Amino acid sequence: SGVEANHADFKPLITSRVVYNKSFITGSTDTSDKYGHGTHVAGLASGNDIFSNNYSGYYNGAAPSANLINLKVLDDTGRGSASNVIAAIDWAITNKTTYNIRVLNLSLGTGARDSYTTDPLCLAARRAFNAGIVVVASAGNTGKDANGNKVYGAIGSPGIEPSVITVGAVNTYGTDIRSDDTVATFSSRGPTRGYKTVSGVRKYDNLIKPDVVAPGNKIVGA
């Protein structure tokens with residue numbers, strides 16, 4: 001949903017580490033983030049602890065010195081189209097060398113229907129992977145139904161693509177130890193249920209996903 005390039009998380013001095021901004025929203029050139037999700041995710045990836053006391057490092061992102069490319073594909077309500085996402089992925093591939101793009105983060109998704117072998121989002125993600133970019137996608141937020149029951153087979157696209165590192169969420173319960181960590185109830189679980197139809201019979205991909213889980217519950221960030 002965009003990145004607030006002038007947020008202190010990305011601008012510890014005069015120059016922002018958000019080095020390029022582009023909107024793929026039809027009819028809009030605005031790259032600011034009025035929804036909040038993009039800025040929050042960017043902070044988890046590359047924020048620094050400018051807003052914590054004495055630069056303690058408590059709220060650093062994973063790579064607090066990395067530059068960011070802001071490719072906005074979701075609108076002010078957090079919605080967008082697959083075509084916009086695909087256009088942004090293809091832009092990243094084309095400009096990989098110019099901006100030294102090494103990681104492509106896709107904290108978004110849609111319900112998986114087609115097999116990853118034909119799904120347009122998956123094919124775009126695979127193109128990025130083949131170009132030498134590490135592609136990371138969210139597992140999704142449909143790990144339980146409206147009644148709180150655990151749901152399996154709800155990994156979203158492009159997280160169903162095998163070349164993508166698909167990430168689920170962990171609830172750490174606010175402790176440093178890992179022995180009490182659990183997968184967050186909302187985090188989508190596999191296996192993947194994209195499918196193709198062969199002679200009238202559905203053939204499901206049934207890939208084991210997510211590939212990894214990371215803290216994703218009550219995270220402090222931009």
Side-chain angles (χ1 to χ4, degrees), residues 1-7 9-11 15-35 37-47 61-140 155-167 194 209 211-212 222:
S1 60
V3 178
E4 288 299 331
N6 291 319
H7 193 290
D9 222 16
F10 317 116
K11 194 176 181 180
T15 304
S16 173
R17 287 184 293 109
V18 183
V19 297
Y20 186 85
N21 301 274
K22 183 176 178 62
S23 173
F24 291 85
I25 306 298
T26 303
S28 174
T29 59
D30 181 13
T31 59
S32 64
D33 181 13
K34 296 181 175 63
Y35 187 64
H37 185 265
T39 300
H40 182 64
V41 170
L44 301 183
S46 184
S65 297
N67 287 335
L68 292 164
I69 308 293
N70 170 23
L71 304 179
K72 182 175 179 176
V73 297
L74 303 182
D75 64 18
D76 297 345
T77 65
R79 295 178 178 273
S81 66
S83 60
N84 291 342
V85 179
I86 292 168
I89 294 173
D90 287 338
W91 184 96
I93 295 169
T94 300
N95 293 275
K96 171 182 177 289
T97 301
T98 302
Y99 291 98
N100 189 28
I101 298 173
R102 299 169 62 188
V103 179
L104 180 62
N105 179 75
L106 300 168
S107 288
L108 47 78
T110 188
R113 296 293 182 269
D114 297 330
S115 167
Y116 71 85
T117 59
T118 56
D119 182 298
L121 280 173
C122 292
L123 294 176
R126 178 63 71 104
R127 288 197 295 274
F129 170 80
N130 289 340
I133 301 173
V134 176
V135 184
V136 183
S138 56
I155 301 290
S157 173
I160 62 170
E161 162 59 37
S163 69
V164 166
I165 300 174
T166 305
V167 184
K209 290 278 187 173
D211 300 292
V212 66

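Computed from a predicted structure; not experimentally measured.
- For T31, the side-chain hydrogen bond (donor to acceptor under 3.5 Å, both in side chains) test picks out no residue, with sequence neighbours left out.
- The closest side-chain donor-acceptor pair between N105 and S107 falls under 3.5 angstrom.
- Looking only at side-chain heavy atoms (C-beta outward), D33 and S1 come within less than 4.5 Å of each other.
- Separation of atoms NE2 (H37) and OG1 (T77) is listed at 13.0 Å; rounding is to 0.5 Å.
- Among residues at least two apart or in separate chains, there is no salt bridge (Lys or Arg N to Asp or Glu O under 4.0 Å) pair with a member in residues 111-123.
- The side-chain hydrogen bond (donor to acceptor under 3.5 Å, both in side chains) search around S46 returns R17, not counting sequence neighbours.
- Interatomic distance, CG of N84 versus CD1 of I25, reported as 5.0 Å (0.5 Å rounding).
- Going from atom OG of S138 over to atom CD1 of I165 covers 13.5 Å, rounded to the nearest 0.5 Å.
- Listed by first and then second residue, the salt bridge (Lys or Arg N to Asp or Glu O under 4.0 Å) pairs that reach into residues 69-84 are K72-D76, sequence neighbours excluded.
- For the residue pair A124 and I93, the shortest heavy atom distance occurs at O-CD1, 4.3 Å.
- For the side-chain contact (heavy atoms from CB on, under 4.5 Å) with T166, the lone residue among V212, I155, I160 that qualifies is I155.
- Of all the heavy atoms in D9 and A222, the pair that sits closest is OD2-CB, 3.7 Å.
- Sorted by first then second residue, the side-chain hydrogen bond (donor to acceptor under 3.5 Å, both in side chains) pairs that include residues 89-100, not counting sequence neighbours, are D90-R127.
- When all heavy atoms are compared, the tightest approach of A128 to L104 is CB-CD2, 4.1 Å.
- By the side-chain contact (heavy atoms from CB on, under 4.5 Å) test, A137 is found to be paired with L106, P158, V164, residues two or more places apart in sequence or in another chain being considered.
- Between F10 and the options V19, V3, N70, a side-chain contact (heavy atoms from CB on, under 4.5 Å) holds for only V3.
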Cut-off 3.5 Å, no hydrogens considered: what does the side-chain donor-acceptor table look like for residues 62-69, sequence neighbours left out?
none

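- Every residue two or more places apart in sequence or in another chain that forms a side-chain contact (heavy atoms from CB on, under 4.5 Å) with S163 is listed here: R126, F129, E161.
- Atom-to-atom distance recorded for L123:CG and I86:CD1 is 8.0 Å, nearest 0.5 angstrom.
- Not a single side-chain hydrogen bond (donor to acceptor under 3.5 Å, both in side chains) links T118 to another residue, sequence neighbours left out.
- Residues satisfying the side-chain hydrogen bond (donor to acceptor under 3.5 Å, both in side chains) criterion with S16, sequence neighbours excluded, are absent altogether.
- Within the model, atoms CD of E4 and CG of N21 stand 9.5 Å from one another, a figure rounded to the nearest 0.5 Å.
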